[in-house]
Protein chains: 2
Amino acid sequence: MDTRSKLLASARDQIQRKGYNGFSYADLADEVGIRKASIHHHFSTKADLGREVAIQYRQDFMAALRSIESGKSNSFKKLEAYIQLFRHTLEKDHKVCLCIMLAAEHEALSDKIKNEVKAFFKENEVWLAQLFFEGQSEGEFTLMSTPAETAKLVLSALEGAMLIAESMDDLTRLESISQWILSSVKKT
Amino acid sequence: MDTRSKLLASARDQIQRKGYNGFSYADLADEVGIRKASIHHHFSTKADLGREVAIQYRQDFMAALRSIESGKSNSFKKLEAYIQLFRHTLEKDHKVCLCIMLAAEHEALSDKIKNEVKAFFKENEVWLAQLFFEGQSEGEFTLMSTPAETAKLVLSALEGAMLIAESMDDLTRLESISQWILSSVKKT
DNA sequence: GTCTATAAGATGATAGAC
DNA sequence: GTCTATCATCTTATAGAC
């Protein structure tokens, strides 16, 4: 793993834990084991670094979604796997979604980073809406509203739950919400 | 309004917009119209100020909940009024809940502030759970899960939606989610 | 690519005059 | 209660040697 990749990984990790305003080039230098000034060789400004972290995060997440699409046999299992992405981040890594951290610091971000965050949420909603539509079409799901509206609710609930779970020191709460979501779409 | 109250109001407003790490004593001094150093006369440290803001916010919110309890005639109207608290903050004031901002910056906060945030979420959940229990008992609501689990979902969805709505510049999304929640508890 | 040295500004906080 | 002046420290960023 080269220095550039280490910097991206460390920045991503720190934003997910402490936020964009919560880490500095000094923190980054400590973690990666180089000097502050050397970071500028790889990323000329903090905004550049943040932008690349956001781009990479979005790409990785979309790859995970494609993997779920091709790897699971039905819509219910796909929804379970989607929720598992969030639970894994929180329960195993004790981190929250990068983009909900960036959303909270929205005012401090450059336009380019803001656009990445916006695109991340949009793509998640589109993916979820498509999943709900398919599940409904195939008679697997019974929805309380349109696929698009259900997608908005599910994304909001998962993102909000990560932050609340972390601040209440109660990681089981994401599990509660997962169960709620799954049973709410289950064919009755 | 005395200086102390102005400082509390400005700090609260700025945290809701930019986060705890996103505002400084200089910003505060500019808004209130005194010098940086004078702030320390009222709040010796930023952590003290943050703590008092969180305490006051929680008290004000709980007062609003008591007002809903005594002012609305049935459980459905109480739930509508609760959701309206969040919508008003976002749509009229273009701010998000103070405590979800503080939750995102959890690692940067003193223990006292963390405890206030935790208590805020807990009290909201207890209040909502009680509301769902009553609505269910009186045959007004049909719940998909226990009152407590439903409370967790509703709080998470509203808090998450505020952040996502703001970052996507789409304030209507809170309305979508409100409709979803209301129709999900409606007696069928 | 990484380093040392350094800049220019912001940060929270203190001392002491008025 | 508010001010000026000052502090130590942290922030992102640059210049130039190796």
ring-ring contact (aromatic ring centres under 6.0 Å, His included) against Tyr25(A), all qualifying residues, sequence neighbours excluded: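 ring-ring contact (aromatic ring centres under 6.0 Å, His included) list for Tyr25(A), sorted by chain: His40(A).
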I need the [atom1]-[atom2] distance between [X] and [N], as an integer number of Å.
| X | N | atom1 | atom2 | result |
| --- | --- | --- | --- | --- |
| Asp30(B) | dG12(C) | CG | P | 13 Å |
| Phe43(A) | dG1(C) | CZ | C1' | 14 Å |
| Asp27(B) | dG12(C) | CG | C1' | 13 Å |
| Lys46(A) | dC10(D) | NZ | P | 15 Å |
| Tyr25(A) | dA10(C) | OH | C1' | 17 Å |
| Arg51(B) | dG12(C) | CZ | C1' | 18 Å |
| Asp48(B) | dG12(C) | CG | P | 14 Å |

Check this one for me: any side-chain N or O of [X] less than 4.0 Å away from OP1 or OP2 of [N]?
| X | N | answer |
| --- | --- | --- |
| Thr45(A) | dT12(D) | no |
| Thr3(A) | dT2(C) | yes |
| Ser24(A) | dT11(D) | yes |

Under 4.0 Å, heavy atoms only, any strand: does Phe23(A) hit a base, just the sugar-phosphate, or nothing?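 Counting heavy atoms under 4.0 Å across all strands, the contact made by Phe23(A) is with sugar-phosphate only.
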May I ask you to list the residues of residues 32-42 of chain B, by number, that have any heavy atom positioned under 4.0 Å from an atom of DNA chain C?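 Nucleic-acid contacts, sorted: Lys36(B), Ala37(B), His40(B).
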Glu125(A)/Lys152(A) salt bridge by N-O under 4.0 Å criterion: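 Here Lys152(A) does not pair with Glu125(A) in a salt bridge, since their nearest N and O are not under 4.0 Å apart.
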Counting only heavy atoms not in Arg4(A), do more than 12 sit closer than 6.0 Å to its CZ atom?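 Counting other residues, nucleotides and ligands, CZ of Arg4(A) exceeds 12 neighbours.
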Could you tell me the separation between the OG atom of Ser184(A) and the CG atom of Leu153(B), rounded to the nearest 0.5 Å?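 Ser184(A) atom OG to Leu153(B) atom CG measures 8.0 Å (nearest 0.5 Å).
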Is a donor from one side chain sitting under 3.5 angstrom from an acceptor on the other, for Ser10(A) and Gln14(A)?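 Ser10(A) vs Gln14(A): donor-acceptor pair found between side chains.
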Using the ring of each side chain (for Trp, its six-membered ring), is Phe120(B) parallel, tilted or perpendicular to Tyr57(B), with breaks at 30° and 60°?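 Tilted.
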Can you tell me how the ring of Phe86(A) sits relative to the ring of Tyr82(A), calling it parallel under 30°, perpendicular over 60° and tilted otherwise?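 The arrangement is tilted - the two ring planes meet at 30° to 60°.
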